[in-house]
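Here the structure is a predicted model, which is why all the values come from computation and not from measurement.
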Amino acid sequence: MTGEPMVRAERVCKDFGALSVLKGVTLSVDPGKVLVLVGPSGSGKSTFLRCINHLENVSAGRLYVDGELIGYRERGGKLHEMAPRDAAKQRRDIGMVFQHFNLFPHRTALANIIESPVHVKRVKKAAAVERARDLLAQVGLSDKADAYPAQLSGGQQQRVAIARALAMDPKLMLFDEPTSALDPELVGEVLGVMKKLASEGMTMIVVTHEMGFAREVADELVFMDGGVIVENGPPREVLSNPQHDRTKAFLSKVM
């Protein structure tokens with residue numbers, strides 16, 4: 001181990017026109033650790049996540065994953081945005097699970113999972129299918145390989161989406177409110193898969209409102225508001241004894 005963080009953000013800013021969404025976010029996540037981002041809507045959490053895999057370009061600052069500058073090449077102290085193809089190559093190592101499952105509706109669960117390994121990584125189909133079946137078993141859906149998304153519950157679709165992201169063997173997993181579109185009784189099954197991933201040492205950054213998950217699984221909790229980090233620390237400490245008035249006000253509404 002090099003001691004290099006898996007994710008390092010240095011003064012990351014993101015503007016959409018005149019609107020500043022991220023105002024100098026600096027943080028790091030060590031390999032095998034789980035960072036949970038919480039905060040009100042519009043605080044910049046999801047935008048920050050999208051910057052990590054260059055789905056959004058940054059307006060200022062730098063983002064590194066596993067020591068590699070994301071989305072840009074640095075020449076003579078200046079940043080030059082990468083060609084889309086090169087950025088896409090970096091993205092292969094970063095799994096992302098969205099709020100909405102984004103599965104291909106006309107493909108089975110199995111076909112959704114093998115799509116990227118076969119077409120992007122050029123994995124042989126037989127090997128990709130074997131791995132996909134293994135991943136379906138890991139997320140508790142061995143019997144759903146041939147089911148189409150419309151035949152699955154929201155929780156099952158989200159577990160297929162997680163398996164699909166894992167099929168690329170990422171070194172980092174990003175979760176953007178993965179349970180917020182689910183019926184309450186389906187939330188647990190998705191969080192269960194995420195807990196298992198954390199216990200197996202996957203580096204994860206999770207945007208969520210599930211404070212129980214944050215308390216139980218996260219190594220660090222970051223509270224964001226207005227595009228800045230207001231408070232961060234061990235989850236139990238931040239949740240039980242927040243230091244900042246803004247954090248206290250937010251937690252009083254969600255706890």
Would you check, one step at a time, whether the test side-chain contact (heavy atoms from CB on, under 4.5 Å) holds for Leu55 with Arg91?
CA-CA 9 Å; Leu55 288 175; Arg91 212 173 279 132; 3.9 Å; yes
Cluster check Leu110, Met168: I/L/V/M/F/W/Y, side chain < 4.5 angstrom:
no
How close do Ile52 and Ile70 get, counting heavy atoms only, and between which atoms?
O-CG2, 3.3 Å
Under a 4.0 Å N-O cut-off, is there an ion pair linking Asp169 with Arg92?
no
Do Ile113 and Val97 sit in one hydrophobic cluster, given that two such residues count as connected whenever their side-chain heavy atoms are within less than 4.5 Å of each other, even indirectly?
yes
Should Leu166 and Val217 be regarded as members of a common hydrophobic cluster, given that ILVMFWY residues are connected when their side-chain heavy atoms come within less than 4.5 Å of each other, either directly or indirectly?
yes
Centroid-centroid distance, Tyr72 to His54, less than 6.0 Å
yes
Please tell me whether Leu49 and Val12 are part of a single hydrophobic cluster in this structure, the criterion being side-chain heavy atoms less than 4.5 Å apart.
yes
Report yes or no: does Lys144 contribute a side-chain atom to a donor-acceptor pair with the main-chain N or O of Val160 at less than 3.5 Å?
no
Does a side-chain heavy-atom distance below 4.5 Å link Asn57 with Glu81?
yes
Would you say the side-chain atoms of Asp146 and Thr108 include a donor-acceptor pair closer than 3.5 Å?
no
For residues Glu220 and Ser28, report the shortest heavy-atom separation together with the two atoms involved.
OE1-O, 4.2 Å
For Gly77 against Arg62, the heavy-atom pair lying closest together:
O-NH2, 3.9 Å
Any heavy-atom pair between the side chains of Asp93 and Asp66 that's under 4.5 Å?
no
Take atom CZ of Arg133 as the centre, draw a 6.0 Å sphere, and report whether it contains more than 12 heavy atoms from other residues, nucleotides or ligands.
no
Nearest-0.5 Å distance that lies between atom CG in Asp30 and atom CD in Glu4:
9.5 Å
State whether the number of non-hydrogen atoms from other residues, nucleotides or ligands found under 6.0 Å of Lys33 atom NZ is greater than 12.
no
Measure the shortest side-chain to side-chain distance between Thr203 and Lys171 over non-hydrogen atoms and say whether it is less than 4.5 angstrom.
no
So for atom CD, which belongs to Glu130, do other residues, nucleotides or ligands contribute more than 12 heavy atoms lying within a distance under 6.0 Å?
no
Got a donor-acceptor contact below 3.5 angstrom from the His100 side chain to the Asn102 backbone?
no
If you round to the nearest 0.5 Å, how far is CG of Asn112 from OH of Tyr148?
10.5 Å
May I ask you to test the Val228-Val25 pair for a side-chain heavy-atom distance under 4.5 Å?
no
Pair Leu79-Leu69, side-chain contact (heavy atoms from CB on, under 4.5 Å): steps then yes or no
CA-CA 10 Å; Leu79 292 185; Leu69 183 63; 3.7 Å; yes
Arg11, CZ: over 12 other non-hydrogen atoms inside 6.0 angstrom
no
Min side-chain heavy-atom separation Val29-Val34 under 4.5 Å:
no
Once you round to the nearest 0.5 Å, how far does CD of Glu216 lie from CD of Glu210?
11.5 Å
Measuring from atom OG of Ser59 to atom NZ of Lys23, what distance do you get when rounded to the nearest 0.5 angstrom?
12.5 Å
Side chains of Val38 and Phe250: does their closest heavy-atom pair fall under 4.5 Å?
yes
Start with the C-alpha gap between Asp176 and Ser46, add the side-chain angles, then the distance that decides, and say whether side-chain hydrogen bond (donor to acceptor under 3.5 Å, both in side chains) holds.
CA-CA 6 Å; Asp176 189 6; Ser46 294; 2.7 Å; yes
Met202 reachable from Val139 in the ILVMFWY side-chain graph, under 4.5 Å edges:
yes
Between Glu74 and Lys78, is the closest basic N to carboxylate O distance under 4.0 Å?
no
Could you please spell out the steps behind the side-chain hydrogen bond (donor to acceptor under 3.5 Å, both in side chains) verdict for Gln90 and Asp86?
CA-CA 7 Å; Gln90 288 186 324; Asp86 294 331; over 6 Å; no
Point-to-point distance, once rounded to the nearest 0.5 Å, from CZ of Phe48 to CG of Leu174:
9.0 Å
Closest non-hydrogen atom pair between Glu189 and Gln156, with its separation:
OE2-N, 3.4 Å
Would you say that Lys196 contacts Val193 through its side chain, given a criterion of any heavy-atom pair below 4.5 Å between the two side chains?
no
Tell me the closest heavy-atom pair linking Val207 and Pro178, and the distance in Å.
O-CD, 3.6 Å
On a heavy-atom basis, the closest approach of Ala214 and Leu221 is CB-CD1, 3.9 Å
Using the side-chain contact (heavy atoms from CB on, under 4.5 Å) rule, take Ile229 and Phe223 through it: C-alpha gap first, then chi angles, then the decisive distance, then the call.
CA-CA 6 Å; Ile229 293 174; Phe223 171 65; over 6 Å; no
Leu239 and Met211: side-chain contact (heavy atoms from CB on, under 4.5 Å), yes or no, with the steps?
CA-CA 8 Å; Leu239 292 173; Met211 296 301 158; 3.9 Å; yes
Tell me whether the guanidinium CZ or amine NZ of Lys14 lies under 6.0 angstrom from the six-membered ring centre of Phe16 and within 45° of its axis.
yes
Spacing of CD belonging to Gln157 relative to CZ belonging to Arg164, to within rounding of 0.5 Å:
10.5 Å
Step by step, would you call Glu10 with Thr26 a side-chain hydrogen bond (donor to acceptor under 3.5 Å, both in side chains)?
CA-CA 5 Å; Glu10 296 177 351; Thr26 295; over 6 Å; no
Are side-chain heavy atoms of Val65 and Ile94 found at a separation under 4.5 Å?
yes
